[in-house]
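Treat the numbers as computed from the prediction; the structure is a model and nothing was measured.
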Amino acid sequence: MSTLTKPNHIGRKISRIRELRDMKQEALAQALGTNQQAISAIENSETISDEKLIDVAKALGVSVEALKNFSDEAAINYFNNFYDNSIGGGNGTFNNHCTFNPLDKLMESIEENKKLYERLLQAEKDKIEYLEKILKDK
């Protein structure tokens, strides 16, 4: 039976939480004061001791209960609900009301770039004029 079909495979839950936290086995091993092979063995274990579970939970920054009760479906539902409730007043729609015209902003930035280029060009002309003056005086 694969680890994906066993709902209480604690090692797989540890692995998934570690992956969701963007943590490598080596980083978890370092936090636990062990090596990567030991973490691999833990993640392949169906059960682990309570002491080890407490240490792993602390290293992952979650509670022991979160480790024991973790499921991909619950995590997905949590994030879906968070997303659904955070936009559009909870009705799942997103209303983007711009208070400006993006094309107007683009044209403003183009005009600002033109002015900046003209100032830079004038500064270079002034520099050339000054250098020519110095050369004539010699």
Side-chain angles (χ1 to χ4, degrees):
M1 185 180 256
S2 85
T3 58
L4 294 176
T5 59
K6 294 180 181 178
N8 290 323
H9 193 285
I10 195 69
R12 183 66 189 140
K13 292 177 181 185
I14 291 169
S15 174
R16 285 297 294 140
I17 291 173
R18 178 185 55 75
E19 290 167 357
L20 288 170
R21 297 187 63 80
D22 200 25
M23 183 184 270
K24 295 194 178 294
Q25 283 184 340
E26 292 84 3
L28 182 56
Q30 187 176 12
L32 293 174
T34 187
N35 58 26
Q36 181 270 328
Q37 289 81 7
I39 299 303
S40 181
I42 289 171
E43 290 181 354
N44 287 319
S45 300
E46 194 167 336
T47 61
I48 63 171
S49 68
D50 286 339
E51 304 96 39
K52 184 66 77 176
L53 191 61
I54 291 168
D55 293 340
V56 170
K58 186 183 286 187
L60 289 172
V62 297
S63 68
V64 173
E65 291 77 25
L67 269 177
K68 289 181 178 178
N69 298 323
F70 176 81
S71 73
D72 283 329
E73 294 81 18
I76 290 168
N77 286 337
Y78 171 80
F79 286 109
N80 282 343
N81 287 338
F82 176 79
Y83 178 76
D84 289 345
N85 291 330
S86 65
I87 59 172
N91 62 4
T93 60
F94 183 70
N95 297 319
N96 185 9
H97 298 289
C98 287
T99 57
F100 61 89
N101 184 343
L103 292 176
D104 288 342
K105 290 292 183 184
L106 177 65
M107 293 310 296
E108 284 176 20
S109 67
I110 289 171
E111 290 301 317
E112 288 176 21
N113 283 346
K114 282 183 184 176
K115 290 176 185 176
L116 182 61
Y117 176 75
E118 289 170 0
R119 287 197 330 247
L120 183 62
L121 190 60
Q122 185 59 45
E124 290 298 317
K125 287 179 181 176
D126 292 345
K127 201 185 302 181
I128 290 170
E129 184 181 316
Y130 177 73
L131 291 172
E132 287 175 346
K133 180 182 173 192
I134 291 175
L135 284 174
K136 285 181 184 177
D137 290 343
K138 286 188 174 184

- Atom CG of Asp22: over 12 foreign heavy atoms under 6.0 Å: no
- Output yes when Glu111 and Lys114 qualify as a salt bridge under the 4.0 Å nitrogen-oxygen rule, no when they do not. yes
- Minimal heavy-atom distance between Leu106 and Ser109, with the atoms involved, is O-OG, 2.7 Å
- Item | Intermediate values then yes/no, side chain to side chain contact (heavy atoms under 4.5 Å, CB included), Leu116 and Leu120 | CA-CA 6 Å; Leu116 182 61; Leu120 183 62; 5.7 Å; no
- Task: Over all heavy atoms of both residues, which pair between Leu32 and Asp55 is shortest? Give the atoms and the distance, please.
- Result: CD2-O, 3.4 Å
- Message: Let me confirm one number: the CG-CD distance from Leu28 to Gln25, rounded to the nearest 0.5 Å.
- Response: 8.0 Å
- Locate the shortest heavy-atom distance separating Ala66 from Val62; write the atom from each residue and the value. CB-CB, 4.1 Å
- Pick from Arg16, Lys13, Arg18: which one makes a side-chain hydrogen bond (donor to acceptor under 3.5 Å, both in side chains) with Glu43? Arg18
- Query: Does the pair Lys115/Glu112 count as a salt bridge with the N-to-O cut at 4.0 Å?
  - Reply: no
- Message: Just checking Glu26: does its CD atom have more than 12 heavy atoms from other residues, nucleotides or ligands closer to it than 6.0 angstrom?
- Response: yes
- Query: Are Ser15 and Glu19 close enough that some pair of their side-chain heavy atoms sits under 4.5 Å apart?
  - Reply: yes
- Query: Residues in side chain to side chain donor-acceptor pair (under 3.5 Å) with Asp126, at least two apart?
  - Reply: Gln122
- Does the side chain of Ile14 come within less than 4.5 Å of Ile48's, by heavy atoms? yes
- Message: If we ignore hydrogens and angles and just use 3.5 Å, is the side chain of Ser45 paired with the main-chain N or O of Ala41 as donor and acceptor?
- Response: yes
- Message: Nearest 0.5 Å, please: how far is CZ in Phe70 from CG in Leu60?
- Response: 10.5 Å
